[in-house]
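Here the structure comes first, spelled out in structure tokens, and everything after it is commentary.
Computed from a predicted model, the values in this text were never measured in an experiment.
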Amino acid sequence: METTGSPEETVESSATPEQATPDGQATLDGQATPDGQATPDGQATPDGQATAGPTWRRHRRPLVIALGVGLVGLLYLAYLGWSRSLGTDADGAGNVLQAWDMLHGNPLLRGWWLSDVSFYTTELPQYMLVELIHGLNAADISAAGAATYTLLILLAALLAKGRATGTAGIARALIAAGIMLAPGPGLSAGTLLSSPDHVGTQVPLLLAWLAIDRLADRWYLPWLVGILLTWVEIADQMAMYVGALPVIVVSAIWLSQRRPSWRTDAGLLVAAAASVGLAEAAVLLIRRVGGFVVAPASTAFTTSEQMPHNLWLTVESVLTLFGADFFGLRFGLVAAVALLHLVGVILVAWAFCIAARRLASTRDRVIPILVVGIAIDLAAYAFSTQAFDLGAARDLAAVLPFGAVLAGRLIPDRPAARTLLPALLAVLVGYTGVLAYHATRPAQPPPTQAVGTWLMANHLTDGIGNYWAANITTAATSGQVRVRPIALSCGRFAADVWESKKSWYESPSTATFLLLALTKGAGANGTAATATAQFGVPQRTARIGDYEVIVWNHDLLPAVMGGFPPGCGPKWRR
């Protein structure tokens, strides 16, 4: 057992003769109390009662753990309330249906055509756990989104804390968690708390960085990091750029400097490089054995004429991600909240500059990995065609947690941070108020909830609809109404191959109605005239809010699967 103090001090303490009190009772260290009663640590109170110091020390760890669990629980409930107030959409509904299919005997998602991000090893297992408790419904989207963001904040705080203890550790964790505490309203909250995108990808990445931070040069560290990187890259190719590539770059720099840790550096470099090939091989193998198919990502370099727009869009996208995009806002409460979030952006930029200067000299592996990851993400966004509008800010999802961790690890050590402490605490209080406000707002039902209720009441259980109305209606009705997604192809409605399953459009499946969105906000795609030309004269129609339900007395699926000219129709039929 490890002892404190020098050996001489230990011997001297053990050799101290027991000294008696006036009534013949001795204290634990040989010192008597006035009335002959001893405290456990040898200190007496004026009335002879023992102090509570040792009792507190004995129970401190359980109390701290209980307090931490309670805070995490409160955070989850707050994010759950906020997520519910945002409503749900088709992206998350597709993941709900995929997880439900996995739970019911289709673990490889045979027959599924997914988006360009599969979420297969990240969000989908989480959705499966949620559905084991809640069953199939649209509320699963909010529950999973809140859980993901809660985990992300917890891991960011732990990683920012590092090996620091006491007040220093608390300050680091609070800065990181504070920056992420209250997503900005609008696009920021929608990106971080609603349907999964690249946000869940950051959870296993932070786990990998936490392993690098805590395990130092353990022989098994490269193996563990390689497994985590492979795991997340199967779900999201973005992890190759913000995960594997930063590890490769930093490990190569350290190897070139011939540091004493060269064996670990070489292991991490090999593990990160191997993870890319292993992830690609795993996805290919799943497809070869009949599993899911991932849509190819259509990414290319932008043109020189587009670069000024892309650079400004990158700046505004970062502000949007942090909830600090104040451009175009009128003076008022909303603008004040955005400016409050600007503090987080400033702290992250400050920490990034500090870390960039120390990139080649620091002995902390995590800091340069975070810096390189942020730099790669920003560069890829600015120079690619992915930066088309603020909705693409989700592609910068790594910048928020990576930046928050950098700020937590570096800012408290700066002398200016002590001067700014009161102001930072005031900002944290403001963030807490923003979170509390949004967490208590009324929940928003799925956009097609009223349509689903009408369909069930009229015993219409199988149909087709545009992407933004189809899967969400199926999830909102717990699968009692099944609406399969379609898209226009050469002027005709065809089976959609984005977040859909091939067997939905094949016998014995049928469809007798078409769900059309009537407004751009609802995802309008196609008209009643197009439907009549393709499917014939309908039996009846009904208008429910922003949607129109068109009903026929025959099956529509043969027409959405065949009869297309060459090069048109569903991709699996081309």
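- For the pair Ile464/Phe535, a side-chain contact is recorded, criterion being any heavy-atom separation below 4.5 Å from C-beta on.
- Val549 places a side-chain heavy atom less than 4.5 Å from the side chain of Val451.
- Between Tyr120 and Ile234 the shortest heavy-atom distance is CD2-CG2, 4.4 Å.
- Heavy-atom neighbours of Trp231 CH2 from other residues, nucleotides or ligands within 6.0 Å: at or below the threshold of 12.
- The only member of Leu114, Val96, Asn95 that meets side-chain contact (heavy atoms from CB on, under 4.5 Å) when paired with Leu124 is Asn95.
- To the nearest 0.5 angstrom, Asp555 atom CG is 9.0 Å from Ser509 atom OG.
- Note on ring orientation: taking the six-membered ring where Trp is involved, the planes of Phe402 and Trp209 are perpendicular (angle over 60°, cut-offs 30° and 60°).
- Side-chain contact between Val399 and Phe322 is present, with heavy atoms from C-beta onward closer than 4.5 Å.
- The side chain to side chain donor-acceptor pair (under 3.5 Å) test with Tyr467 is passed by exactly one of Asp89, Asp91, Asp496: Asp91.
- Among residues two or more places apart in sequence or in another chain, the side-chain hydrogen bond (donor to acceptor under 3.5 Å, both in side chains) test is passed with Asn106 by Asp101.
- The shortest side-chain heavy-atom distance between Ile175 and Ile179 falls under the 4.5 Å cut-off.
- Of the possible polar contacts, none joining the Lys502 side chain to the Tyr505 backbone as a donor-acceptor pair under 3.5 Å is found.
- The shortest side-chain heavy-atom distance between Pro222 and Val270 does not fall under the 4.5 Å cut-off.
- Taking the ring centroids of His341 and Tyr431, they lie under the 6.0 Å cut-off.
- Between Leu556 and Thr512 the shortest side-chain heavy-atom distance does not fall below 4.5 Å.
- Considering all non-hydrogen atoms of both residues, Pro401 and Ala398 come closest at CD-O, 3.4 Å.
- In this structure, the side chain of Gln480 does not engage the main chain of Thr461 through any donor-acceptor pair within 3.5 Å.
- The CG atom of Leu229 sits 10.5 Å away from atom CE of Met240, with the distance rounded to the nearest 0.5 Å.
- For the atom pair CE of Met180 and CG of Leu155, the computed distance is 9.0 Å after rounding to the nearest 0.5 Å.
- A side-chain donor-acceptor contact under 3.5 Å links Arg110 to the backbone of Val289.
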* So Asp116 and Trp498, side chain to side chain contact (heavy atoms under 4.5 Å, CB included) or not? Walk me through it. -> CA-CA 9 Å; Asp116 54 354; Trp498 188 272; 4.0 Å; yes

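- With Arg84 contributing its side chain and Ala443 its backbone, the two residues share no donor-acceptor pair below 3.5 Å.
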* Begin with the C-alpha distance, continue with both residues' side-chain angles, and end with the deciding distance and a verdict on side chain to side chain contact (heavy atoms under 4.5 Å, CB included) for Val247 and Ile369. => CA-CA 6 Å; Val247 174; Ile369 287 175; 4.1 Å; yes

* Begin from the C-alpha positions of Ser275 and Glu233 and carry the test side-chain hydrogen bond (donor to acceptor under 3.5 Å, both in side chains) through to its verdict. => CA-CA 8 Å; Ser275 71; Glu233 288 162 14; 3.1 Å; yes

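- A donor-acceptor pair under 3.5 Å links the side-chain atoms of Arg409 to the main chain of Leu159, judged by distance alone.
- Looking only at side-chain heavy atoms (C-beta outward), Tyr79 and Ile153 come within less than 4.5 Å of each other.
- Not one N or O on the side chain of Ser83 forms a donor-acceptor pair closer than 3.5 Å with the backbone of Leu80.
- Looking at Ser478, its side chain does come within 3.5 Å of a backbone N or O of Leu136 through a donor-acceptor pair.
- When all heavy atoms of Pro246 and Gly373 are compared, the pair lying nearest together is CG-CA, 3.5 Å.
- Side-chain contact of Gln126 with Thr148: a donor-acceptor pair under 3.5 Å is present, judged by distance alone.
- Residue Arg543 qualifies as enclosed at atom CZ: its count of foreign heavy atoms under 6.0 Å is above 12.
- Within 6.0 Å of CZ on Arg214 lie more than 12 heavy atoms contributed by other residues, nucleotides or ligands.
- A donor-acceptor pair under 3.5 Å is absent between the side-chain atoms of Asp377 and the main chain of Ile374, judged by distance alone.
- In this structure, Asn466 contributes its side chain and Trp468 its backbone to a donor-acceptor pair below 3.5 Å.
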* Asked: Yes or no on side chain to side chain contact (heavy atoms under 4.5 Å, CB included) for Val481 and Phe513, after CA distance, side-chain angles and deciding distance?
  -> CA-CA 11 Å; Val481 175; Phe513 68 84; 4.1 Å; yes

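- To the nearest 0.5 Å, the span separating CH2 on Trp454 from CD on Gln449 amounts to 15.5 Å.
- When all heavy atoms of Ala211 and Leu221 are compared, the pair lying nearest together is O-CD1, 3.5 Å.
- Between Pro485 and Ser500 the shortest heavy-atom distance is CG-CB, 3.8 Å.
- Ring centers of Trp504 and Trp112: under 6.0 Å apart, within the cut-off.
- Under the 30°/60° scheme for interplanar angles, the aromatic rings of Trp82 and His438 are found to lie parallel.
- With Glu131 contributing its side chain and Trp100 its backbone, the two residues share a donor-acceptor pair below 3.5 Å.
- Thr448 and Thr473 share a side-chain donor-acceptor pair at under 3.5 Å.
- Of all heavy-atom pairs spanning Thr88 and Ile472, the tightest one is OG1-CD1, 3.5 Å.
- A distance of 6.5 Å separates CG in Leu396 from CG in Leu321, rounded to the nearest 0.5 Å.
- Using a 4.5 Å cut-off on side-chain heavy atoms (C-beta onward), Val242 and Leu205 make contact.
- Residues passing the side-chain hydrogen bond (donor to acceptor under 3.5 Å, both in side chains) test with Tyr76, sequence neighbours excluded: none.
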* Take Phe493 and Leu514 through the test side chain to side chain contact (heavy atoms under 4.5 Å, CB included) and record every step on the way to the result. => CA-CA 10 Å; Phe493 291 107; Leu514 170 64; 4.1 Å; yes

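- Expressed to the nearest 0.5 Å, how far CD of Glu499 lies from CG of Asn471 amounts to 7.5 Å.
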